[in-house]
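Let me begin by presenting the structure, written as structure tokens, before commenting on it.
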Amino acid sequence: MPHEETVYDALDHAHGGEGHWAFGTGFDEPLAGVDTTVPDGVDPADLGAYCLMLGDDALVLAQRLTQWITAAPELEEEVAIGNTALDLLGQARLLLARAGSVGVLGRSRETATASIPDEDALAYFRDADEFRSTGLVAAQNGDFGQTVVRLLVASTVRLAVFARLRESRDPVLAAIAAKGVNELAYHRDHAARWVLRLGDGTEESHRRAQAGADAVWPLLADVLTATDVERRLVAAGVAVDPADVREEVHDVLTTVLERATLRVPAWPADTPPRGRAGEHGPELAALLETLQGLARRHPAATW
Amino acid sequence: MSAPTLDRPTDEAALQQRFDATIAADRRIEPRDWMPDGYRKTLVRQIAQHAHSEIIGMQPEGDWLLAAPSLRRKAILLAKVQDEAGHGMYLYSAAETLGADRADLTDKLIEQKQKYSSIFNYPTLTYADVGVIGWLVDGAAICNQVPLCRSSYGPYARAMIRICKEESFHQRQGYELLMTMMGGTEEQRAMVQDAVDRWWWPSLMMFGPPDDDSPNSAQSMAWGIKRHSNDELRQRYVDMSVPQAQFLGVTLPDPDLHWDEETGHWRFGPIDWAEFKQVVSGNGPANAERIRRRRAARDDNAWVTEAATAYARKHAGAVTEGAA
Amino acid sequence: MSTDVTAEGGHGAIPTGPEVPVAPKPAATRRDWPLYEVFVRGKRGLNHVHVGSLHAPDDEMAVHAARDVYTRRNEGVSIWVVKAADITASSPDEKDPMFAPSGDKVYRHPTFYEIPEDVPHM
């Protein structure tokens, strides 16, 4: 074997392939080199608020999935969950940076010093009431069954939205969506494969998957209801009306659950937006305390 | 299988001779080659312990995943911890070519019949520990591991090549974090120095006992499982690390550390093994927690593994499992 | 000082202790998913090359796990997975009588060493 001679060479090439490292680990500013001009006729405050909705969803779900690291079933699944969390973290960074670039920083700059980039000011120095994530992603993981059902539902909704968002008049959002679609399709497929196996696996796994679905479905109540911000941005050709994806989401979820021999829970009645309006349960506050604690104790630090 | 023919060696001596010749020629032993029991046994133990170390090694840093102080750091740390899961997988696979089963090895780890590197029984107290683990612990691991890319056992050597490539990213991200923190606040610089104070000596101990007190090493060297002596690697590590510490602006906690002009090496003070042995023997502050978490991952999710197996059986038609 | 730690195994400083070989674990008690071998075509024009293995419950999960673990989902590559148990292999040395009974199962060498519970590791 000639590899004795090439070991050190191989080490030198370790950073040659960009594709090797998962998305979101880059050492560069997320929006470096991207034209961040706000399109004509679009209120930057609305655009920023919309980016927070999509970004916060990704950040909160990434945090939930990360809770599985060192606790997942089998090492293969550990790696798969890690990849999914990394994808979502990458999406969150881009979206929060976009919100910052159009000046939407909320009260975060009251405590975050100038050395802290916008994405971190927004992620670490907003209180729960400034977060725009939905209750679907904030809910506790539950067991692995509930986790994959929630991932299925969340990625089905997000994929449907991102697929349409590729046509957004905001070039940054369109680019983020174009990149995200491939990732989300993978997340959805991965979750669906697991829902099939758990639903149609053993008696116990069927029971747990069903309980997971029953716990997750009610969280859909306000996810597909548009806020005023979204309505204005839909009119401006920038955002996607979540109501438009309802049918697709319903069909996909029904198909997967039926194939998994699971009963499709009753679709909850629509309610006005809660999470998108900053109304959250205690689970988000607890999640944020863990996420933000260290950064907040050192507001002048650089990492 | 065909009947034995006359030119087949029938005695173990001849097989041993062929094995020895392969090792002597610095060629690789592959899974189906005959190998002495001691060689197989040593490899299974070594590779399994290495794999366990990767998997347990996810925890000290993993403890900071949810609290990483920036999104970029969170992503980097997540990618790193995920790599370690991958490394564990590569290594368990190498052990499986020798007849071991991963589930079995995991059980042995949880039942504490097999060990992992003691370094991971030290707790990570601040975020600077994440950087210092990358710089010093991964740096020491690289010194240990690069020679293993030339291990005489093929599957192990190949796994190590893949792992070493990824480890270099690990060390760089750690050092880069420390450089950033040293350029930050006074408090951050103190965190870095404190972490260096706690991890420097344990990282030196990662290379094992001194050569004159390491009789097993000789056999492993002869078999090509080990390529350099403990002291040799330790010295190489110190020589690499001291200039890096100077560049970083931290003090290594060793009053005896000095440059030896004559030999061209950094000389370091005597290693105190007493506390280290406490940690090694399972009295480390984090040992019980490390094991508890592996046990929970196995037991709490057993139903998931079973469900997927049941699904595969149902959807594979009449094909039955278990022929393996 | 007695030699009770060793640097073997990459991260070093692992406690040592005597082990006693016992009978191999029977295959019927295996709890884990089947072992799959993974082959990746790094780019067009190259052969698929063996890159490692993984455990998966079925073929579909195996190919997706292979993407996650061995390619970081690089779309440009082609992946093959095959159950290790389904590989038929030649003997590395036709003169070798040692593997005649189990020679066609590459990865199922029935040799494993248990360590009894009461081994003092210090």
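Any value given below was found using the heavy atoms of this structure, including those in side chains, with hydrogens, waters and symmetry copies removed. Each chain gets a letter, A, B and so on, in the order its sequence line appears, and its residues count up from 1.
- In this structure, CG on B:L65 lies 9.0 Å from CD on A:Q63, to the nearest 0.5 angstrom.
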A:D120 and B:R72: side-chain contact (heavy atoms from CB on, under 4.5 Å), yes or no, with the steps?
CA-CA 9 Å; A:D120 291 328; B:R72 178 167 153 275; 5.7 Å; no
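- Contacts between A:Y124 and chain B at a heavy-atom distance below 4.5 Å involve the side chain alone, from C-beta outward.
- Looking only at heavy-atom pairs under 4.5 Å with chain B, the residue among A:D143, A:T202, A:T70 that has the most is A:T70.
- Residues A:V79 and B:G86 share a closest heavy-atom pair of CG2-N, 4.2 Å.
- Of the N and O atoms on the side chains of B:E306 and A:S205, not one donor lies less than 3.5 Å from an acceptor on the other residue.
- Remark: A:E76 engages B:R102 in a salt bridge, criterion side-chain N to carboxylate O under 4.0 Å.
- With chain A as the partner, the residue from B:A68, B:P69, B:G184 showing the most heavy-atom pairs under 4.5 Å is B:P69.
- Proximity to chain A (any heavy atom under 4.5 Å) is restricted, for B:M191, to the side chain, taken from C-beta onward.
- Residue with the most contacts toward chain B among A:A72, A:A300, A:P73, A:A301: A:P73 (heavy-atom pairs, distance under 4.5 Å).
- For a residue to count as touching a neighbouring chain, one of its non-hydrogen atoms must lie under 4.5 Å from one of that chain's; by this rule A:R296 does not touch chain B.
- Residue contact with chain A, scored on non-hydrogen atoms closer than 4.5 Å, is absent for B:I56.
- Put simply, of B:A310, B:G131, B:S70, B:A85, the one with the most heavy-atom pairs under 4.5 Å next to chain A is B:S70.
- Each of B:M89, B:Q188, B:M58 has some count of heavy-atom pairs under 4.5 Å with chain A, and the biggest count is that of B:Q188.
- Using a 4.5 Å heavy-atom cutoff, the side chains of B:E187 and A:R297 are not in contact.
- With a threshold of 4.5 angstrom between heavy atoms, B:A67 approaches chain A through its backbone and through its side chain.
- Between chain A and the residues B:T185, B:L78, B:T180, B:L66, the largest count of heavy-atom pairs under 4.5 Å involves B:L66.
- With hydrogens and angles disregarded, a donor-acceptor distance shorter than 3.5 Å links the side chain of B:R73 to the backbone of A:W303.
- In this structure, B:E54 CD and A:L75 CG are separated by 11.0 Å, a value rounded to the nearest 0.5 Å.
- Of all the heavy atoms in A:E78 and B:R294, the pair that sits closest is OE1-NH1, 4.3 Å.
- The environment of A:R259 atom CZ is sparse: at most 12 non-hydrogen atoms of other residues, nucleotides or ligands sit within 6.0 angstrom.
- Counting heavy-atom pairs closer than 4.5 Å to chain B, the top-ranked of the candidates A:L96, A:L198, A:I81, A:D200 is A:D200.
- Only the side chain of A:I69 comes within contact range of chain B, with at least one heavy atom under 4.5 Å from a heavy atom of that chain.
- Here B:N301 is the residue among B:N301, B:V304, B:I55 with the most heavy-atom pairs under 4.5 Å with chain A.
- With a threshold of 4.5 angstrom between heavy atoms, A:Q292 does not approach chain B through any atom at all.
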